[in-house]
Amino acid sequence: MDADIICLQEVQVDLWQDFCQILEEHQYTGVLQNVTGGHNVASALLVKKSSPLQLERLESRSRVLIGVLQDSKKRKQKVYLANVHLEAGEKEQDNMQRYHQLKSLFKRLSHHIQADNNRIDEAAVIMAGDFNMLRTNPLHSFLSQGRLQSPEQLKSLPAFSTIQLCDSFLEFQDDTVQPRSSKIHFASSEIKGRGQLQRTYAKGHVLDYIWHSPSLRVKDSLLLHPMSCSNFPQKWPSEDHPSDHLPVGVDFEWET
């Protein structure tokens with residue numbers, strides 16, 4: 001592992017201390033989301049000890065772990081990171097839950113940004129994790145447009161203004177968002193070939209995303225598993241692949 005920051009979801013809480021020993025061997029520090037109600041899985045944030053970005057403060061929400069990271073080389077520069085694991089399910093009520101979880105997240109991000117006397121439209125924001133939604137979901141478009149609207153109230157209520165974000169793995173252009181093009185490739189030199197992200201979930205869907213604000217530029221979008229370019233369903237978890245999701249990564253440049 002050599003990433004500066006790693007976001008994990010569904011970490012088994014009762015095995016966390018054992019996992020921390022492994023992290024120490026790889027020169028990472030880890031923090032676990034505070035969970036209640038007897039839940040035995042939580043999100044976790046891992047930071048490489050040699051990274052210039054180090055955790056300044058944390059906030060645990062029911063579906064999000066928020067971390068504010070300070071650049072040790074540029075003391076005034078901060079990154080606002082949200083490790084996300086939204087409600088699962090395909091029903092309308094599940095999508096409403098995701099809407100409310102995102103709305104709450106944006107309010108908390110805005111609070112942290114304003115507490116540091118930074119401008120919301122200039123802040124370095126990253127949202128990463130399992131969003132449990134397809135790119136055809138209206139919520140995906142709302143994130144790209146910097147507004148959030150209840151899926152069942154599209155015509156009756158005004159949109160809630162948010163932070164305009166870009167899907168780091170998606171290349172598109174419209175009147176609202178113009179994210180930079182990104183080079184997508186496998187991180188392992190043993191895997192040859194290039195392709196587009198078509199799957200992060202066993203059933204052949206993209207459910208996991210990395211979103212970023214305009215102050216961050218994508219240098220590389222990394223596909224860390226060869227099956228990420230195929231949408232054929234797989235029988236995961238399995239002995240060879242213990243998760244039903246695939247990892248993805250992004251190499252960012254920070255424009256200051």
Side-chain angles (χ1 to χ4, degrees), residues 1-51 53-69 79-88 98 101-102 105 108-109 125-133 167-169 186-188 197 199-203 205-212 216 220-225 227-228 234 236-252:
M1 298 189 298
D2 63 355
D4 288 310
I5 308 294
I6 299 175
C7 294
L8 300 177
Q9 299 83 43
E10 294 191 320
V11 176
Q12 197 165 325
V13 174
D14 58 349
L15 297 178
W16 175 247
Q17 293 304 319
D18 294 335
F19 185 52
C20 283
Q21 295 180 12
I22 299 174
L23 293 179
E24 187 69 27
E25 296 173 4
H26 291 275
Q27 297 299 305
Y28 278 87
T29 57
V31 290
L32 190 67
Q33 177 188 19
N34 292 327
V35 291
T36 59
H39 292 293
N40 194 37
V41 292
S43 295
L45 186 60
L46 316 182
V47 182
K48 198 167 186 65
K49 292 182 179 181
S50 60
S51 172
L53 292 174
Q54 294 298 318
L55 279 170
E56 180 183 90
R57 61 182 186 271
L58 290 163
E59 180 180 1
S60 287
R61 310 292 292 179
S62 62
R63 286 287 184 164
V64 179
L65 178 60
I66 299 174
V68 180
L69 301 105
V79 172
Y80 301 87
L81 174 67
N83 183 0
V84 174
H85 188 193
L86 299 185
E87 186 76 18
R98 288 188 283 270
Q101 290 161 0
L102 285 171
L105 167 57
R108 297 310 302 166
L109 282 174
V125 176
I126 299 172
M127 289 172 53
D130 183 0
F131 286 74
N132 272 311
M133 65 181 184
D167 181 341
S168 302
F169 279 88
F186 296 118
S188 172
L197 179 64
R199 174 230 301 279
T200 66
Y201 180 53
K203 292 184 179 180
H205 307 308
V206 175
L207 299 180
D208 304 83
Y209 302 90
I210 301 175
W211 295 83
H212 66 278
L216 296 167
D220 251 338
S221 298
L222 308 177
L223 303 183
L224 304 177
H225 193 282
M227 294 304 295
S228 58
Q234 299 291 319
W236 297 332
S238 65
E239 183 177 344
D240 295 330
H241 192 83
S243 174
D244 58 352
H245 288 255
L246 294 176
V248 292
V250 170
D251 187 7
F252 286 117

Next item on the list: Please report the closest heavy-atom contact between Ile5 and Leu69, naming both atoms and the distance.
Entry: CD1-CD2, 3.5 Å
Next item on the list: Output yes when a side-chain donor or acceptor of Arg199 lies under 3.5 Å from a complementary backbone atom of Ala202, and no otherwise.
Entry: yes
Check: Above 12 or not: heavy atoms from other molecules or residues under 6.0 Å from NZ of Lys49?
Finding: yes
Note to self: Please determine whether side chain to side chain contact (heavy atoms under 4.5 Å, CB included) holds for the pair Met227 and Gln234, giving the CA-CA distance in whole Å, both sets of side-chain angles, and the decisive distance to 0.1 Å.
What the structure shows: CA-CA 9 Å; Met227 294 304 295; Gln234 299 291 319; 3.1 Å; yes
Next item on the list: Please round to the nearest 0.5 Å and tell me the distance separating atom CH2 of Trp211 and atom CG of Asp167.
Entry: 4.5 Å
Next item on the list: Mind telling me whether Phe19 and Trp16 have parallel, tilted or perpendicular rings, with 30° and 60° as the class edges?
Entry: tilted
Checklist line | Heavy-atom closest contact (Val47 atom, Leu53 atom, distance) | finding: CG1-O, 3.3 Å
Checklist line | Pair Asn132, Glu87: side-chain N/O donor-acceptor within cut-off below 3.5 Å | finding: no
Next item on the list: Please report the closest heavy-atom contact between Leu55 and Gly67, naming both atoms and the distance.
Entry: CD2-CA, 4.2 Å
Check: Side chains of Leu46 and His26: does their closest heavy-atom pair fall under 4.5 Å?
Finding: no
Note to self: One thing to verify: whether Arg57 and Glu59 come together as a salt bridge, which I'm taking to mean a side-chain N less than 4.0 angstrom from a carboxylate O.
What the structure shows: no
Item checked: Reported CG-to-CG distance for the pair Leu8 and Asp130, which is rounded to 0.5 angstrom -> 12.5 Å
Item checked: Inter-residue atom distance Tyr80.OH - Ile126.CD1, 0.5 Å rounding -> 12.5 Å
Note to self: Less than 4.5 Å apart, side chain to side chain, heavy atoms only: is that true for Val41 and Val35?
What the structure shows: no
Next item on the list: Please examine the side chains of Val64 and Arg108, heavy atoms only from C-beta on, and report whether any two atoms are closer than 4.5 Å.
Entry: no
Margin query: Give me the atom names and distance for the closest heavy-atom approach of Gln33 to Arg61.
Written below: NE2-O, 2.6 Å
Item checked: Smallest separation among heavy atoms of Gly30 and Leu23, with atom names -> CA-CD1, 4.1 Å
Next item on the list: State, with a plain yes or no, whether a side-chain heavy atom of Val84 is found less than 4.5 Å away from one of Tyr209.
Entry: no
Notebook entry, point to check: Could you state the interatomic distance from CD (Gln12) to CG (Asp18), rounded to the nearest 0.5 Å?
Noted result: 10.0 Å
Check: Short question: side chain of Asp208, backbone of Leu246 - any donor-acceptor pair under 3.5 Å?
Finding: no
Check: How about Asp2: does its CG atom have over 12 heavy atoms from other parts shown lying under 6.0 Å from it?
Finding: no
Margin query: I need the minimum non-hydrogen distance between Phe252 and Ser168, along with the two atoms involved.
Written below: CZ-OG, 3.7 Å
Checklist line | Gap separating the CG atom of Leu45 from the OG1 atom of Thr29, nearest 0.5 angstrom | finding: 8.0 Å
Next item on the list: Dump the intermediate steps for side chain to side chain contact (heavy atoms under 4.5 Å, CB included) on Tyr28 and Ile22, then the final yes or no.
Entry: CA-CA 9 Å; Tyr28 278 87; Ile22 299 174; over 6 Å; no
Next item on the list: Assign the ring pair His245 / Tyr201 to parallel, tilted or perpendicular, where the plane angle (0 to 90°) is split at 30° and 60°.
Entry: tilted
Margin query: As an exercise, state the distance from CG of Leu65 to CG of Asn34, rounded to the nearest 0.5 Å.
Written below: 8.5 Å
Notebook entry, point to check: Between Ser228 (side chain) and His225 (backbone), is there a donor-acceptor pair under 3.5 Å?
Noted result: yes
